[in-house]
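Whatever order the structure lists ligands and atoms in, that order sets their numbers, starting from 1. Quick caveat: nothing in here was measured; it's all calculated off a predicted structure.
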Amino acid sequence: MATLRGVVGTDEFVGLHTPEIGQIDRALVDECLVSTFVSSVGPFVTRFEAEIAEYTGARHAIAVSNGTSALHVALVLADVRRDDEVIVPSLSFIATANAVSHAGAHPVFVDSDAATLGMSTSALADMLSTMAPTDGGLMNPRTGRRVAAIVPMHTLGHPVDIVGICAVAARYGVPVVEDAAESLGSFVGERHTGTFGRLGVLSFNGNKIVTTGGGGIILTDDDALGALAKSLTTTAKVPHEWEFEHDAVAWNYRMPNINAALGVAQLTKLEGFVDAKRRLAANYRAAFADVDGFTFLDEPEGTRSNYWLAAVRIDTDDRADRDRLLRAANDDGVQCRPLWNLLSEQQMYAECECGDLSTARALVDSVICLPSSPRLAS
Ligand SMILES: *Cc1c(COP(=O)(O)O)cnc(C)c1O
């Protein structure tokens, strides 16, 4: 506990990740309120989309109501249909699997890699090698269903081996949809996470590095998919001065202008947040360097992580050790959290197919996420 308190530099309660709301956030939200354009139309949405496209290098960025709805629509745009299968890491937040279900499809779970915390490229290759290529696509011979997409996730902001995953996926002709909800500000080489797959998604929930209160974005370089993403998330209304004509059964998943106003304000501080979180990560790394039985989780080689959540791995295979530390830290007012319980062990997904999950299981038992708000960096 002394190690943690030493890094965060306060005796007060410390949350896991709290939004940084300041003068510019209040000013732009107030500007939005004064304009009365608080809802589904307004200039902040367009500005937010343009700024995210510019920052990530994606040709198109479509703002939506949250990261889960972004992932749902991205899967539909990748042509995931009812009764298809989608390969996802078992170690992820529930939204990754729920979006697959919302698209009418079934998740198939694969293992994670201890170095990236994300989908293991070799576990993916092993799973794909059991599938049968047919004229109608890649089929799962055990279920008779089509494997329609692969959804890697950049865990805690650390980039997954997305280049390797995309190469394996391309060999089988299966599209990749990146769950980059946690990795705004994380790059592989010069390229932003979420721009490697056919589509990618970001989240702007209150606990993410940049928040719009609630929000998400769909990224794609494909012009047709970009236009469809905008249409399908905004009721598919045919543009006209007054007529209400719609050309598809679509969603009302748009991001309200008032949320986008907060997003535009937050984006002015994104680089500062990333710098602060990387400094905080360095402080944790140094503090834990001399503590036996703890390993700070570093960004994978060749990547720049936003260190959305800094984390340590404890040298144990007994979840009770993890829970004792979580109990002590939380009782002391230092909010620490475990990784998610495996998706394949959640009751809704317990019957789904999965590969060997031994690394993911070991990670759940041994990783502790540390308070990571930018303000904690010294
Ligand atoms: C936050 C998050 C999402 C999306 O969450 P929303 O709360 O719907 O914005 C999706 N996947 C992962 C891995 C996340 O962490």
Name the closest protein heavy atom to [atom], giving the residue it belongs to and the distance to 0.1 Å.
atom	value
atom 3 (C) of ligand 1	A181 CB, 3.5 Å
atom 15 (O) of ligand 1	E182 OE2, 2.5 Å
atom 5 (O) of ligand 1	S203 OG, 3.8 Å
atom 1 (C) of ligand 1	K208 NZ, 1.6 Å

Would you call R278 and D275 a salt bridge, using N to O less than 4.0 angstrom?
no
[X] ring center near [Y] ring center (under 6.0 Å):
X	Y	result
F288	F296	no
F48	F204	yes
Y307	H158	yes

Identify whether M127 and V86 are in the same connected component of the hydrophobic contact network (ILVMFWY, side-chain heavy atoms under 4.5 Å).
no
Heavy atoms only, cut-off 4.0 Å: how does D179 contact ligand 1, side chain, backbone, both, or neither?
side chain
What I want to check is whether the side chains of Y253 and T234 have a donor and an acceptor closer together than 3.5 Å.
no
Are a donor atom and an acceptor atom from the side chains of D356 and S358 found within less than 3.5 Å of each other?
yes
[X] N/O to ligand 1 N/O under 3.5 Å:
X	answer
W340	no
G67	yes
T68	yes

Which of the atoms of ligand 1 are close to A95, meaning less than 4.0 Å from one of its heavy atoms?
10 (C)
Go through ligand 1 atom by atom and flag the ones less than 4.0 Å from a non-hydrogen atom of M153.
13 (C)
